[in-house]
Structure formats: C-alpha cells, structure tokens
Protein chains: 2
Amino acid sequence: MAEDTRTRILNAAGPVFAEKGYQNTTVREICRVANVNLASMNYHFGHKERLYIETVKQAQRNKIEQVPQPQWQTGTSPAEKLRGFVRTLITRMMGTGEAPWQTRLMMREIMQPTQACQELVQNYFRPQFEILLGILEELLPAATTQPKRHQLAFSVVGQCLYYRVAHEVVALLIDKEEREAHYDAQQLGDHVTDLMLAALSSPDSWLTSSRHSSSGLESSTERRIENTSS
Amino acid sequence: MAEDTRTRILNAAGPVFAEKGYQNTTVREICRVANVNLASMNYHFGHKERLYIETVKQAQRNKIEQVPQPQWQTGTSPAEKLRGFVRTLITRMMGTGEAPWQTRLMMREIMQPTQACQELVQNYFRPQFEILLGILEELLPAATTQPKRHQLAFSVVGQCLYYRVAHEVVALLIDKEEREAHYDAQQLGDHVTDLMLAALSSPDSWLTSSRHSSSGLESSTERRIENTSS
DNA sequence: AATTGTTTAAAACGCGCGTTTTAATCGCAG
DNA sequence: CTGCGATTAAAACGCGCGTTTTAAACAATT
C-alpha cells in the first residue's frame, strides 16, 4: 500500500535528521535505514527538502497527539502545576541520544529555523507557551505586566532548554560523580521550580515595580568595562 | 609577509563559519571573502578541518584578551557584581547577525561540540563559570551545597543563553512592539538579575533543605501523564 | 645571483550527493 | 486481460566540493 512505505520513510528520516541535521543527512542513508529504494523516496516526496518538511510536520503531529492539553484535577495548586510542567519539559530535554527524535528535531528548528519553523511555533510552541502563562498567572500578582509575564515564562523555558543545548558542556564542567547524583530530570526540574517559586513569592515588589528592587542598593546604569568585542 | 594572509584567512573564516556552520561553509567561499587563493589556504592550513580548529582557537584568544578578569572595586556589592556579569553575558547573546562572530561560533561549539570544544571549555567557559560561582558564593548561605551552587549558576547562564538559542522563536512569539520596548540587553539582564536576587533572598530554606520547599504544599512524586514519546 | 619561502592563477582529480532515468516486477481495479 | 499505480534494482547525470597539482611570479635572505 502507498502509506506503508511513505510512513516508513518518514519514520526513518526523523531520527536521522534529528541527529545529524539537514545538511549532514544524505537521502541515501535514510533510504538505507528505511529499507526503501532511492527512487521510491523520490516518488513520494520529490525533493529532499519536502521530505524534511514533512518529517518536521510528522514530529509535531506526534507530539501534539501525545501531549493533550494537561488537565489537572480541579484544586491542583498552581505551584504543583508549575512543577509538573517543568518536569515534563525538562524530561524531554534530558538524555543525549536517547531523547525522542521529535524533541531533538524541534531543537534544531529553534536554533536555526527553516521553512518548517513557523508552523511549529503556531501548532506547538505557542500552545505550550500559553499553558505556562496560564500557570504563572495564578502565581502572579494581578498587577504584573504582560512583558514581565512573558519574560518569566522565558526564564522557566530557558533554564530547561539549557540542559539540552549545553548538555555536552555541562558534562565537561561537572564531574561524573556529581552529575550522576544530581542531574536527573527530577532534581533539575525541582530546582527550577523551587527557584521560580521562591522568586515569585519574594516579599519584594520586583515584579511590579518598574525598575530597581530588593535590598535597596543597586546602581543599574553605571558604565563598566563594556567589552562589545572587536 | 607570512602572517598577513594567514590571519586574513582566519578573519574571513570566522564570520562565515559562525554563520553557516562547518558543513555549510565552503573553503572556496572563505578564500573568496579573504581575497586569497585556494592553494594559499591549503599552503597554510592543509585541511578545512585544521582551518576550522584554528579559527575557534582564534575566537577564544580574541575573547580572552578582550575580556580580562573583571576586577570590581572593593566594596562592590555581590548583587551589583551579579548584575554586571549577567548584563555582559546577555549583551553577548543578543542581536541576530550583528552579534560578534566569536560568540556565535562558540554557541555552535556548545550545541554540537567538535574537537575544538574541550579547549574552549578549559580556557573560556570554565573561568567564566568560576567567576559566576564566586559571585554566587557571596550571595549564598554558607551551608549551600556545591551541586546547588552549580545548578544556580546554570540557571543564570541558561536564562541568558536562551535569548540567543531561541532568538527567532521569541520573535515569532512576541510581537514586534513588545520586543522593541522590552527586549534589549539592559532590561533582560535586569530581569534575570532581579529574579535571581529575589530567589536567593527568599526567606524560605529551599536552598539548603534537601527537598520540598515554600508554602508547605507540593507533592513532588505523583505520577502524571508522562509522555515519554513513542 | 641564487635560494628559499610565499602567493597567485588556473585547471584538474576524485568523490559524494541530489536527482533522474530506465526497465522490470507486483498487485489490484476495471 | 489490460491498464495503472506502487515499488524495486541499477545505473547514470550533473554538479559542487575538498583537495591536489602545475607553472609561474614575487619577496626577502644569503
């Protein structure tokens, strides 16, 4: 049947594209992995580029059906929701090669977007972003401005993405013993959650005041070395 | 003179490698940009790979001499030091194509390290990491464990790196008006700093207690949807 | 002047890749 | 049976790239 080999190609292409990127991936390798003839791939997709785009779409479809809007039981505290959100996100990020290829493929699109990225944002990133904003809304003073909410959401996401982006560098900075003891998704997720909750529940008015904060020192506009490179 | 064309090649190679990555860069293009003959590049570097490695080393040397260990005046508050550190870091990250090629090249090495990465960590990332840890040490209770200190440092760095890694996605999520009003290095740096300071000065014992925190709710071990992908 | 290291111009080699083609087979609907 | 879409095998085209080569100039040193 038609769909059979088509999806076989797509499922083979996913992990390969995810691991090696678009340029470093050869159509021949995908066909070899898929046990499919070279001409057959051309029959279904024509270009390598179309195959790639379809692969990204497939990844996004996979993830969306795997991740229904999380429906917490009524009464779940926002802090608990945040913990769940962060843990899920960081779980997806962790793991070197074992991470699901969909996530790795999406990370590539984040870092250097192609044609496929806009759709990815619309169908996947933005909904996730909105969920996070919804959780934060419950935790934040009503007076919190929208830009501040957005930046806080990015603070959450940024901390989580870091453990994928800089996974190899972390492995070079932190010795194996400490990594194995403290760098699983659970502990890292709890760390990010605790940090955010501590910051949000701070007695200071740093969230709503337009500038300046905390213990009453800080001079924010002094010039310093300013190395804007050569 | 010998050095002249050699450095001309290196200076031409830097931006090109930074923008397009190793594979997508052609030796011919570098030579064209450098106004240098193809054979001349072979004369000095032999392989494309050696040229790349030398380029990364050059970037690292540039950055190191541009960024002397920041010596704050005695009496500078740790909060102020943190603000300066974060602002410098985030300034390097911001900007799409205008960012210095050294930073962009290093980001590529972070995301998918090559041979050149280990040296980069030793000579550049680790020193920076140590500086940040030194600043945090002044802000943290003495009882804070080392793993916690490390994770806090990564929380700082992660939030900053995000604005480079996900720059394009942020541009798709946040409309132009808000971006232009709130997404400069200064404001984002202050946000990250304020968030960290608020979290660190939280009255809760989340930093030192082994698990659980804040307002006395949280159940951290419940199972949820758990989508570990297909 | 002769030597040696540097640079250029131009061409070619060799290979791998994306893409196309051809010819042949299989299954199935009309 | 006939045709048609799907699939395969194998080969080839065409191109771009990394690399090498050749031959000739140029510069500085000896």
Side-chain angles (χ1 to χ4, degrees), chain A residues 1-59 101 104-105 108-109 112-117, chain B residues 1-59 101 104-105 108-109 112-117:
Chain A
M1 27 202 100
E3 273 293 59
D4 198 18
T5 50
R6 211 190 110 98
T7 56
R8 198 141 45 94
I9 295 176
L10 277 178
N11 290 335
V16 182
F17 276 134
E19 189 180 341
K20 311 179 128 189
Y22 180 78
Q23 288 280 354
N24 300 359
T25 297
T26 70
V27 176
R28 284 178 164 86
E29 177 178 3
I30 290 176
C31 289
R32 181 158 29 84
V33 172
N35 271 319
V36 151
N37 191 276
L38 198 57
S40 197
M41 119 81 191
N42 175 270
Y43 177 81
H44 287 287
F45 298 98
H47 317 295
K48 176 189 184 184
E49 193 184 353
R50 171 131 44 223
L51 169 62
Y52 175 76
I53 291 177
E54 290 301 320
T55 305
V56 175
K57 283 186 185 173
Q58 239 267 359
W101 62 266
R104 283 183 287 153
L105 198 57
R108 287 200 176 271
E109 280 297 314
Q112 39 184 323
T114 70
Q115 258 193 338
C117 189
Chain B
M1 28 203 101
E3 272 294 58
D4 198 17
T5 50
R6 210 190 110 98
T7 56
R8 198 141 45 93
I9 295 176
L10 276 178
N11 290 335
V16 181
F17 276 134
E19 189 181 341
K20 310 179 127 188
Y22 181 77
Q23 288 281 352
N24 299 0
T25 297
T26 70
V27 176
R28 286 178 164 85
E29 177 178 3
I30 290 175
C31 289
R32 182 158 29 84
V33 172
N35 272 319
V36 150
N37 190 274
L38 199 57
S40 196
M41 118 82 190
N42 175 272
Y43 177 82
H44 286 287
F45 298 97
H47 317 293
K48 176 189 183 183
E49 192 184 353
R50 171 129 45 223
L51 169 61
Y52 175 77
I53 291 176
E54 290 301 320
T55 305
V56 175
K57 282 186 185 172
Q58 239 266 359
W101 63 266
R104 284 184 285 152
L105 199 57
R108 287 200 177 271
E109 279 298 314
Q112 37 185 325
T114 70
Q115 260 194 336
C117 189

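Below, chains carry the letters A, B, ... as their sequence lines are ordered, and counting in each starts from 1.
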With distance as the sole criterion, do the side chain of A:Arg28 and the base of C:dG18 form a donor-acceptor contact below 3.5 Å? yes
Describe, in one word, how the ring planes of B:Tyr52 and B:Tyr22 are oriented to each other, choosing from parallel (under 30°), tilted (30 to 60°) and perpendicular (over 60°). perpendicular
Compare the minimum distances between each of [options] and the side chain of [X], then state the nucleotide with the smallest one.
X       : options               : value
B:Ser40 : C:dT19, D:dT19, C:dT7 : C:dT7
B:Ala39 : C:dA9, C:dT21, C:dG18 : C:dA9
A:Thr26 : C:dC17, C:dT8, D:dT19 : C:dC17

Where A:Arg108 and A:Ala18 come nearest, the two heavy atoms and their spacing: NE-O, 3.0 Å
Could you state the [atom1]-[atom2] distance from [X] to [N], rounded to the nearest angstrom?
X       : N      : atom1 : atom2 : answer
A:Leu51 : C:dT19 : CG    : C1'   : 14 Å
B:Lys48 : D:dG18 : NZ    : P     : 4 Å
B:Asn37 : C:dG5  : CG    : P     : 19 Å
A:Leu38 : C:dG18 : CG    : P     : 9 Å
B:Met41 : D:dC17 : CE    : P     : 14 Å

Within the 4.0 Å heavy-atom criterion, would you say A:Asn24 contacts the bases, only the backbone, or no part of the nucleic acid? nothing
Donor-acceptor contact below 3.5 Å, side chain B:Arg28 vs main chain B:Leu38: no
